[in-house]
Each structure stands twice: as structure tokens, then as C-alpha cells.
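Convention: sequence-line order gives letters A, B, ...; per-chain numbering from 1. Since the structure is predicted, the reported quantities are computational estimates derived from the model, not experimental observations. Heavy-atom basis, side chains included; hydrogens, waters and symmetry copies ignored.
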Protein chains: 2
Amino acid sequence: MQPIELQHAYRLLNHGPTVLVGSCHAGRANVMAAAWAMPLDFDTPKIAVVIDKATLTRELIDASGVLSLNVPCVAMKDQVMAAGGMSGKNHPDKLARCEITTHAAANTGVPLVEGCIAQLECRVLPATAHVAGPHDLILAEVIAAWADERVFRAGHWHFEDAAPELRSLHHVAGGHFYAIGEPVSALPVANA
Amino acid sequence: MQPIELQHAYRLLNHGPTVLVGSCHAGRANVMAAAWAMPLDFDTPKIAVVIDKATLTRELIDASGVLSLNVPCVAMKDQVMAAGGMSGKNHPDKLARCEITTHAAANTGVPLVEGCIAQLECRVLPATAHVAGPHDLILAEVIAAWADERVFRAGHWHFEDAAPELRSLHHVAGGHFYAIGEPVSALPVANA
């Protein structure tokens, strides 16, 4: 994993991958899957993610004010499915059961998920308190980001040059995903 | 295009496609491209989308309280690029220049973009007023949705059975997209 310049961090999520959300508080750590995540701003980079209030992840984020978004790849499909289908509330050993390993991010200690092709270390924005009210939306600033240089180099994804197992996952429903596919380039816009 | 049951509407966005945002007010209509859109709730279905306050689209949505999200496909790549790179403020004939055609949705009159593989007719949530404050976030309820039955049937995408030109687009940066790729199925979760 290589550090990413923060002004390029939005590109790690721009194509809409499903993510793993890392959280921790007072010695307890968790990882869950979330398909509803997106960039919110370029610079300083911010993200928005929907996390149900009923989850352990939400409790840990609300208590600590930090989270990570991690972009898993095809090789991790069963771990993503397990992380999305099993609650850390019911299973204190969830990470072991899901065969998910993490390490602590330097700034905040939030768990970053190993084997992912991108990782974003994030701090919840103060404004979230009122935003989250009726919805399950969390807004956060990205304070550091990393990507796997086999698939993300010089500020761009290069899935087409790497093993198919390194492609990002895009969840539809019920354990059915699509891998990201082939590059498509559009014509430049004249007289914009 | 076939109507979609509202409880399945989130699946039109769940895999993270780039969208075209339709808007109109007082006889003026516009369409812009946006990569930062996601589901916000299942039922009633809601969406979140980031739309810069400097855009004509934002002015029209703020004035009318309605918008559409439309999922374009590979065949529309140049229209998506043009819609993202040209402002309706500078070009009153933007839609003609972008070769984008629309028709008015029945409930709200908001423009739905023809040639797209999915369309969601949306009404801005009252809560947006304070949410949007420091950010460019719009939250809206989906009041009707349609999809192209060649690629979305019985509540699921079936890209693998259709022409490659009908795959959704996932923008990275600067006119470089990925098409959605191949299906990936995960193992069911035991003892969740």
C-alpha cells in the first residue's frame, strides 16, 4: 500500500465501489460492509456513508469520531459478504469469523482492513450531529489514504493492467456483486 | 422502460453508477452528470446526491424541489461527458449540444433522460434545507422509478445477458470511466 495525495482521495470512491467500514472504541474494533458510500468534497476531501443506527459500527463511530473506508477486491468477496451479514453485536469474534485482519492507522488508531486495494482514514465532521438526525448518514473528512499500487498509480485506477482478483466489488443485493469492468473513454468536450 | 417496484429502487444505484441529474423550473430544463450519488434508504426509498451550489441544476432543484437521477450506459459516454463538462448557465441550448433528449415525468414534470437504463423521479426532502448548509448534499425521496428490462428484470441487474453498450458507467476522472463488469457471487453467511 502506498500513501495517496489527499486531493486524489475522492478517486478511490468515485466509481462507486462497495466498502468495508472500520471502527473502534475503548478496545473494541469492528468491520462491516456498506454499499452506500460516496465522495462529498474534493479538497479537503470528505466522504458520506450510510450506517444504520442499530449497528455496532455506528455505536463505535459515534463514540470515537473516527472511521475507515476500505475498498475490497474480488479476492475478498466472501469476507465482504460475511462482514455484511454478521453483526459484531452478536459475535464479539466477528473479525476472526470473517477472516478479516486489520492494523491500526497511525493518526487515529482506526482499523484499516488488510487485503483491500484502497484505505481511507476518516474523522467525522462536527456537522454530522444534526445531519444524522432523521437519516443514517455520516459525513467525514479524509485525513489519510492509501492504495495498492498494482491497481492505483499516479492518481488513477489501472484495473485493466492487473489480476482480475484485484478489481473492486459493486454490490447489487443478497451477495450478488459485479466486479468493475473495462475502461471507457469519452470524447473531450468542445467549447464547454 | 418498465416501472420498478419502489422497494427495489435502491438497487438501481446500489452498484455505484455515475448518473445524469435532470432538473427543471419555470420552463427551463437542464441535465448534468454526477458521480457522487447513492441510496440513502430502502423503503420509502431515498437518495443522496452531491450537486455544486454554483450549477444551474442546483438552482433549478432548489426552486422546484424535484429532480431525476438517470443511469446512463456505455452507448451514452460522450453525452455524459458533454453533460458533465458544459454548463447550462453558459449554454441555454446545452441539451441540444449534448444530444440529450428527455421527456417529462408524470408526477412532477421533471425531465427523464432517454437512452438511460434506469430513471428515478425524486422529490427533495424538507430536511435538506439544513443538511445542505455547509455541504452540497441533496437528499430526496424516490417517488417513481423505471428501468430498461433488457438489463434490469425481476428486481435485479442482468448486465451479463445484454449488449456491452448497455452497461452502466462508473467515472474515475477526466472522461475516463469503467463499465460495470462481470458478476461475482459470494458464499452465503453461516450462523449470522
Side-chain angles (χ1 to χ4, degrees), chain A residues 8 10-11 13-18 35-41 46 48 50 74 77-78 80-82 84-87 90-91 97 125 127 130-131 133-137 139 155-157 159 164 167 169-173 175-189 191-192, chain B residues 8 10-11 13-18 35-41 46 48 50 74 77-78 80-82 84-87 90-91 97 125 127 130-131 133-137 139 155-157 159 164 167 169-173 175-189 191-192:
Chain A
H8 292 154
Y10 78 93
R11 294 183 184 174
L13 300 178
N14 210 70
H15 68 301
T18 293
W36 300 357
M38 65 177 181
L40 177 65
D41 210 343
K46 302 185 185 78
V50 179
V74 169
K77 63 187 174 64
D78 295 328
V80 175
M81 182 67 178
M86 187 185 297
S87 171
N90 303 332
H91 298 288
R97 282 176 179 250
L125 291 172
H130 71 265
V131 172
H135 308 294
D136 290 337
L137 197 57
L139 310 184
H156 286 277
W157 289 107
F159 292 115
R167 291 185 179 231
L169 288 167
H170 300 251
H171 193 235
V172 178
H176 296 285
F177 300 87
Y178 284 94
I180 199 64
E182 297 310 304
V184 174
S185 290
L187 292 173
V189 182
N191 307 314
Chain B
H8 291 154
Y10 78 94
R11 295 183 183 174
L13 300 178
N14 210 71
H15 68 301
T18 294
W36 300 358
M38 67 178 179
L40 177 66
D41 210 343
K46 301 185 185 77
V50 179
V74 169
K77 65 187 173 64
D78 296 327
V80 175
M81 182 66 178
M86 186 186 297
S87 171
N90 302 333
H91 297 289
R97 282 175 179 251
L125 291 171
H130 71 265
V131 172
H135 308 293
D136 289 337
L137 197 56
L139 309 183
H156 286 278
W157 289 108
F159 292 114
R167 292 186 178 230
L169 288 167
H170 300 251
H171 193 236
V172 178
H176 297 285
F177 300 87
Y178 284 95
I180 198 64
E182 296 311 304
V184 174
S185 289
L187 292 172
V189 182
N191 305 316

J.: Highest number of heavy-atom pairs under 4.5 Å with chain A: which of B:Lys77, B:Arg11, B:His176?
T.: B:Lys77
J.: Ring pair (Phe, Tyr, Trp, His ring centres under 6.0 Å) with B:His171: which residues, sequence neighbours excluded?
T.: B:Phe177
J.: Over all heavy atoms of both residues, which pair between A:His156 and B:Val172 is shortest? Give the atoms and the distance, please.
T.: ND1-CG1, 4.2 Å
J.: Using non-hydrogen atoms and a 4.5 Å limit, figure out which bit of A:Ala48 sits close to chain B: side chain, backbone, both or neither.
T.: both
J.: Nearest 0.5 Å please: distance from the CE atom of A:Met86 over to the NE2 atom of A:His91.
T.: 5.5 Å
J.: Name the option with the most non-hydrogen atom pairs under 4.5 Å to chain B; the candidates are A:Ser185, A:Ala186, A:Pro39.
T.: A:Pro39
J.: Given the options B:Pro183, B:Ala35, B:Gly84, B:Pro188, which has more heavy-atom pairs under 4.5 Å with chain A than any of the others?
T.: B:Pro183
J.: Checking heavy atoms, do the side chain of A:Leu169, its backbone, both or neither come under 4.5 Å from chain B?
T.: side chain
J.: Quick one: ring pair (Phe, Tyr, Trp, His ring centres under 6.0 Å) partners of B:Phe159, sequence neighbours excluded?
T.: A:Tyr178, B:His15, B:Trp157
J.: Shortest non-hydrogen contact from B:Ala179 to B:Arg167?
T.: CB-CB, 4.3 Å
J.: Among A:Leu40, A:Asp41, A:Leu13, A:Val74, which residue has the highest count of heavy-atom pairs closer than 4.5 Å to chain B?
T.: A:Leu40
J.: Do you know which of B:His170, B:His8, B:Lys46 has the most heavy-atom pairs with chain A at a distance under 4.5 angstrom?
T.: B:His170
